[in-house]
Amino acid sequence: MNLKKVFLVAVLAVSQSVAAIPAWAAPVSTESTTPQSVNAAANTANTQLQPGSTDPLPPAGTVIPTPTPAPVPTASPVQGIPAVTETPAPAATEVPGATAAPVDGTVPTDAVMPTATPVTDTPMTPSMTTSAFGEGQLILMMNSNKMFRNGTPYTANQPMAVKNGVSYVSIRAMVEMVGVAFTYDAKTKEVIVTKGTSIMRFKTDSKIYTVNGTKFTMKGPAYQFKGTFMIPLTSITYALNIPYTVDNVQKRVILTLNTKPTASFTVQPKEIYAGETTVNYVTSSSSPNGTPIVEERWSDNKQDIYDQPGFYTVIYSVRDANNMWSDPYPVTIQVLQPNQPPVAQFTTDKEEYKMGEPVILTDTSYDPENEELTVTWNNRALAYFNPGPVPIQLTVTDKHGLSSTAEKIINITSEQLYTQDEVTKLFTIPGDVISMDGGMIPALPNLPYTLSSEGYTLIRSNSPETVNTEGVLYRETSVGNTRFLVHHMNNMSTRQKLYVIATNNNLYPTTITTQYLGIAGPVVSPEYTGKISVEKYYNSMITGSAQSQITLQPGQSMSIMTDLNKVAMKPKDVMSLSADLNSDYPVLYNVVMVEQSKDPLAELPILPILDRDGVHNRGTYPDSTRIMNVTDLVGTTQSKLILGDNVNDKNLDGIDPMNGTTASNSGNFGVLYKIVLERVAANTLITFNPRGGGYLGSILVNGTIVNVPNKGKLDKSDMNAVVYRTGEYESRVEMVFTVASGSNLPVNFVFTPLPAKK
């Protein structure tokens, strides 16, 4: 070939190379690295060639460099690097050294794949410094085996080559520069690359490689040349998740490496007290390439026990086997003053009392850290009925278990002021229990009242109370004011969720307004869930906290009152709900229970409608607000008002829409009673007395919630929880009451004249 032909071939190669650069590979401009300085570095560096060996992949460090002249970058420009999924480009002029792979695809027995080695005999120029190439960068020079990692020059065992329009690199040089592990399987002719938990396999003469068993297609097949396993650059960067750019001006490919390990730690416990708490440091560290962590470093103020309170910033770093340090990870620890015990103290309004004279105790205990204290009294009473000295103790305990006790001795004289019965009636606080002969209460006269109602439609979903399988517990359409009482137990072996789903089957949007709402559970106590749901229901009446609106478009279904399903019900858990809603158009309501991971809207069309259990009640009942107005003077003689007996207070009648039968609301659960006592005599005691069994609930009295009782439950007919006590003047009393689910009916409100105060 004469010089003219050589020149024409070179021109053709340059034109094809430029045409192959993809549109996204815009030239990268740098300030400190010039084409002349890069070319100079490439031309002056020595190239590592393969020495003879019988091991195709000997351990790193066995390389015997053989200097040869480096290829000149301008002799044959490299082809561009297309995306992995593009169709292979037509064959192009190949750079020197990128010759065809062996016909049989085998590795010569004397071949070796030496590691890329640092250049030690090439002086560094300003254009080759870290600032020029960038920290965390690997730069591959086109038409050359020259590589720069973080500004340090290296030489690969083969230069980047173009074969059939595809840019190839030595896989060994790449993975060693990145810092991941690899092996070679001579039987399968595969290079196996491991990065963290990912295992990649590249096979000789195949376009297919796998990542954890998933197949990917490369632009060109891997091949072996002079003992070097060559692979498309785009494939290895994609497999290792390494972003890169092409600098066509300076003929280089710039790969961005994430090689730093990461370090973090947490501190336990959450509260640390000076001189007391042993600090536990729980560390976590990793390398993006799975490189082992070989060293950790802490700042000097890391201490197991801090002597002084204050704020301490502790810094943690780790180094991996590639000598890469993580970024420092700081945590600021607050060290508190040592916990101080609380101080128990109290006062009495007097030092000496008559028998039956009320003793007023005022707790003045405090905690130095202003924490809430648990209070326990010993020998405390409203009054004392035996003469002599009486010791009274108060113990307060903080949340750390430190406690303090105070004692005071008062003197009781032999003079009598009140009897024990008089003291309990006159001075027992609302919610506490007094004893009253339960046998005589049924014989007391009933208060006369006028009865009216408000048009709230009650949906009572309480059967089956114990739910044994997923399904629809209740289905009903309602418009306007609608009241819900929902009370169910999960009797399945899996966690379940309870939903109320609203569906708009109208041609117009409909708005649902939540007025009052109380939700309790999931817990295993039916009585407790009933009490708490009613208490929250009353509280929403006082505060308006539950008021909200949603609008359903035609055909739309939505889960409403979603606090009901925030927490899944474990086996035997119970959920209770009391709520008042309003809708401007009819709404179809479905109460459903499904396994916690299921979508109730998707499941609704296929859920079975569950049958009632034959013990508990379900049904739709109109006019579920009962207004009892008492105009006569109450309290001059003992009397009662009985609720839920189906004699004086009749059950609501309705239907069971699930099977179309009539229903009677036994116990009137879900009915809201508004009891208006226009005239209550001065010095009248109002108590709450259960008659059908155990009771645990609350009442709204003149806008204040009163628990019945404050502690435990009412489970005997002679137990009476104090509800209200009038003062020295006649007054008006309003009570709002609804039966708590899990409790029993009937119940009495008992009105008793109080003894005169002395």
**OP:** Give a yes or no on whether a salt bridge exists between Arg691 and Asp645, defined as a side-chain N under 4.0 angstrom from a carboxylate O.
**Re:** no
Subject >> Salt-bridge contact Arg460-Glu476 (side-chain N to carboxylate O under 4.0 Å) >> reply: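 Not counted as a salt bridge, because no side-chain N and carboxylate O are separated by less than 4.0 Å.
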Any side-chain heavy atom of [X] sitting closer than 4.5 Å to one from [Y]?
X: Val634; Y: Phe749; result: no
X: Glu357; Y: Thr413; result: no
X: Thr631; Y: Asn629; result: yes
X: Asp432; Y: Val722; result: no
X: Leu696; Y: Leu714; result: no
X: Ser463; Y: Asp613; result: yes
X: Tyr538; Y: Phe737; result: yes
X: Val739; Y: Tyr695; result: yes

Original post:
Does Gln334 have any side chain to side chain donor-acceptor pair (under 3.5 Å) partners at least two apart in sequence or in another chain, and if so, which?
Top reply: none
**OP:** Can you sort out the partners of Thr529 under side chain to side chain donor-acceptor pair (under 3.5 Å), two or more places apart, ordered by chain and number?
**Re:** Ser576
Check the side chains of [Y] and [X] for a donor-acceptor pair under 3.5 angstrom, ignoring hydrogens and angles.
X: Ser666; Y: Asn617; result: no
X: Asn468; Y: Asn491; result: yes
X: Lys640; Y: Asn446; result: yes
X: Thr620; Y: Tyr474; result: yes
X: Arg483; Y: Thr625; result: yes
X: Ser365; Y: Asp363; result: yes
X: Lys425; Y: Thr752; result: no
X: Asp580; Y: Gln515; result: no

Original post:
How would you list, by chain and number, every residue that makes a salt bridge (charged side-chain N to carboxylate O under 4.0 Å, His left out) with Lys716, sequence neighbours excluded?
Top reply: none
**OP:** Kindly assign one of parallel, tilted or perpendicular to the pair Phe427 and Tyr418, based on the angle between their ring planes and the thresholds 30° and 60°.
**Re:** perpendicular
**OP:** Let me know which of Asn683, Leu685, Leu754, Leu382 forms a side chain to side chain contact (heavy atoms under 4.5 Å, CB included) with Leu426.
**Re:** Leu754
Original post:
Does the ring center of Phe669 lie less than 6.0 Å from the ring center of His487?
Top reply: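 For Phe669 and His487, the ring centres are not under 6.0 Å apart.
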**OP:** For a side-chain hydrogen bond (donor to acceptor under 3.5 Å, both in side chains) with Asn582, tell me which candidate from Thr513, Thr511, Asn481 qualifies.
**Re:** Asn481
Subject >> More than 12 heavy atoms from other groups under 6.0 Å of CZ on Phe385 >> reply: yes
